[in-house]
Amino acid sequence: MIIAANLKTNFTRSKTQAYITEIENFLIKKANTQKVLVFPVASSLIKHTGKLTIGAQNAHPAFNGAFTGEIAQEQLDEFEIKTILIGHSERRHIFGETQEEIVKKFNYYKDLLYKIVYCVGEPLDKREAGHDKMMSYISKQYEGIDTSYKKLIIAYEPVWAIGTGLTPTLKDIEFIHKELKEKSLAPLLYGGSIKVTNAKEVLELKNVDGILVGSAALYAKHFCTMIQFAQDLEK
Ligand code: PGA
């Protein structure tokens, strides 16, 4: 399975290094074979060769240039980063990234054969508007995305569940994952308030190929426990 940590805007470079070392040591010690991805803040990116993979939370679709405040391919190349998170709801909603801009990023990094974790998910008002309206909202987030791209991983993250402690019911997660699998056969992660206390039951669900974890992943021990759940569940 794929177990990913989105560290968002947390940790300094040295704390990130200590975090990565702790996770890496855990994976080695336990001979853990899960695919583990860690997305640190841009200023804490490091070159890492080991069991876990470091990815970028965002990057501009260009090699370099006049894009104040951004990082781009050249800065990722420095650390041999080949994995990127695109379309996270905080990028969409706090920073106003449009689907068009997101598609540009997707295509740029797809052409470079990056592994892309692509996030989709509905805000609360869309969920409350009923199933069809919710699905049509999510469908728009698939527009322009090559859903058969070999290095694509999709993360379904209901916006209202991110950082709130709220989650859909297990039945709801299973139901929506089944529908999303009809749009793409790419591995499908669930994200939104995953913690040690609910990770196992979510990982057990059909059509859940892993989890994307924010707040709870900041505790290396908790994140390792979740990675171990995935290992134990794998046949
Ligand atoms: P959360 O964040 O686990 O804190 O809800 C998940 C995410 O934003 O990817």
Side-chain angles (χ1 to χ4, degrees), residues 1-11 15-16 19-20 23 34-42 44-45 52-59 81 83-97 102 105-106 109 114-124 126-127 137-138 141-142 145 152-170 172-173 176-177 180 186-205 208-230:
M1 282 191 249
I2 300 164
I3 312 295
N6 177 7
L7 302 181
K8 307 194 180 184
T9 313
N10 294 292
F11 293 170
K15 275 191 191 156
T16 305
Y19 179 88
I20 285 164
I23 310 285
Q34 302 306 299
K35 294 187 187 83
V36 177
L37 309 176
V38 177
F39 295 91
V41 68
S44 299
L45 289 175
L52 68 82
T53 302
I54 307 279
Q57 292 173 18
N58 178 42
I81 304 284
T83 300
I84 189 167
L85 192 65
I86 294 178
H88 190 277
S89 78
E90 284 152 15
R91 299 292 323 165
R92 292 180 193 265
H93 298 288
I94 302 177
F95 301 103
E97 270 183 28
I102 289 167
K105 290 183 184 185
F106 185 93
Y109 288 100
Y114 271 52
K115 184 176 286 180
I116 298 175
V117 179
Y118 181 70
C119 304
V120 300
E122 80 292 348
L124 191 57
K126 295 294 181 290
R127 169 156 287 239
Y137 180 90
I138 297 173
Q141 298 175 327
Y142 280 76
I145 301 298
L152 170 66
I153 297 165
I154 296 174
Y156 169 61
E157 300 202 298
V159 181
W160 53 273
I162 295 179
T164 57
L166 302 171
T167 49
T169 64
L170 295 174
D172 279 350
I173 296 174
I176 197 155
H177 272 235
L180 296 181
L188 183 57
L189 316 184
Y190 170 80
S193 292
I194 285 291
K195 332 178 197 27
V196 168
T197 46
N198 62 10
K200 198 167 175 212
E201 55 196 22
V202 171
L203 285 167
E204 276 169 347
L205 297 174
V208 170
D209 304 306
I211 45 178
L212 176 55
V213 192
S215 345
L218 294 175
Y219 303 93
K221 284 199 172 46
H222 290 201
F223 189 54
C224 290
T225 304
M226 295 187 234
I227 300 169
Q228 192 58 43
F229 285 157

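For ligands, and for the atoms within them, numbers begin at 1 and follow the listed sequence. Each residue takes its place number in the sequence, starting with 1.
- Ranking the protein heavy atoms by distance from atom 2 (O) of ligand 1 puts K8 NZ, 3.2 Å first.
- Taking CG of L203 as the reference point, atom CD1 of I227 lies at 11.0 Å (rounded to 0.5 Å).
- Rounding to the nearest 0.5 Å gives a distance of 8.5 Å between CD of E122 and CD of Q141.
- By the 30° and 60° cut-offs, the orientation of the rings of Y190 relative to H177 is tilted.
- Distances from ligand 1 to the non-hydrogen atoms of G191 include no value under 4.0 Å.
- The shortest separation from a heavy atom of G163 to ligand 1 is under 4.0 Å, placing the residue in contact.
- Annotation for ligand 1: atoms under 4.0 Å from non-hydrogen atoms of L212 are 9 (O).
- Residues K35 and I153 have side chains not in contact (no heavy-atom distance under 4.5 Å, counting atoms from C-beta outward).
- Of the candidates N198, V202, L189, V202 is the only one forming a side chain to side chain contact (heavy atoms under 4.5 Å, CB included) with I211.
- Atom CG of L37 and atom CD1 of I3 lie 9.0 Å apart (nearest 0.5 Å).
- Remark: ligand 1 atoms within the under-4.0 Å shell around heavy atoms of A161 are 5 (O).
- Scanning the protein for heavy atoms near atom 7 (C) of ligand 1, the closest one is E157 OE2, 3.2 Å.
- Residue-ligand proximity: K195 is placed with every non-hydrogen atom at 4.0 Å or more from ligand 1.
- If you number the atoms of ligand 1 from 1 as listed, the ones under 4.0 Å from a heavy atom of H88 come out as 7 (C), 8 (O), 9 (O).
- Under a 4.0 angstrom heavy-atom cut-off, A217 registers as lying outside contact with ligand 1.
- Of all heavy-atom pairs spanning A155 and V117, the tightest one is CB-CG1, 4.2 Å.
- Those atoms of ligand 1 that come under 4.0 Å of a heavy atom in G214, given as number and element, are 1 (P), 2 (O), 3 (O), 4 (O), 6 (C).
- If you number the atoms of ligand 1 from 1 as listed, the ones under 4.0 Å from a heavy atom of G192 come out as 5 (O).
- At a 4.0 Å heavy-atom cut-off, ligand 1 touches N6 through the side chain alone.
- Counting heavy atoms from C-beta on, the side chains of Q57 and R91 never come closer than 4.5 Å.
- Between Y19 and L218, the closest heavy-atom pair is CE1-O, 3.9 Å.
- Given atom 4 (O) of ligand 1, the protein heavy atom at minimum distance is S215 OG, 2.4 Å.
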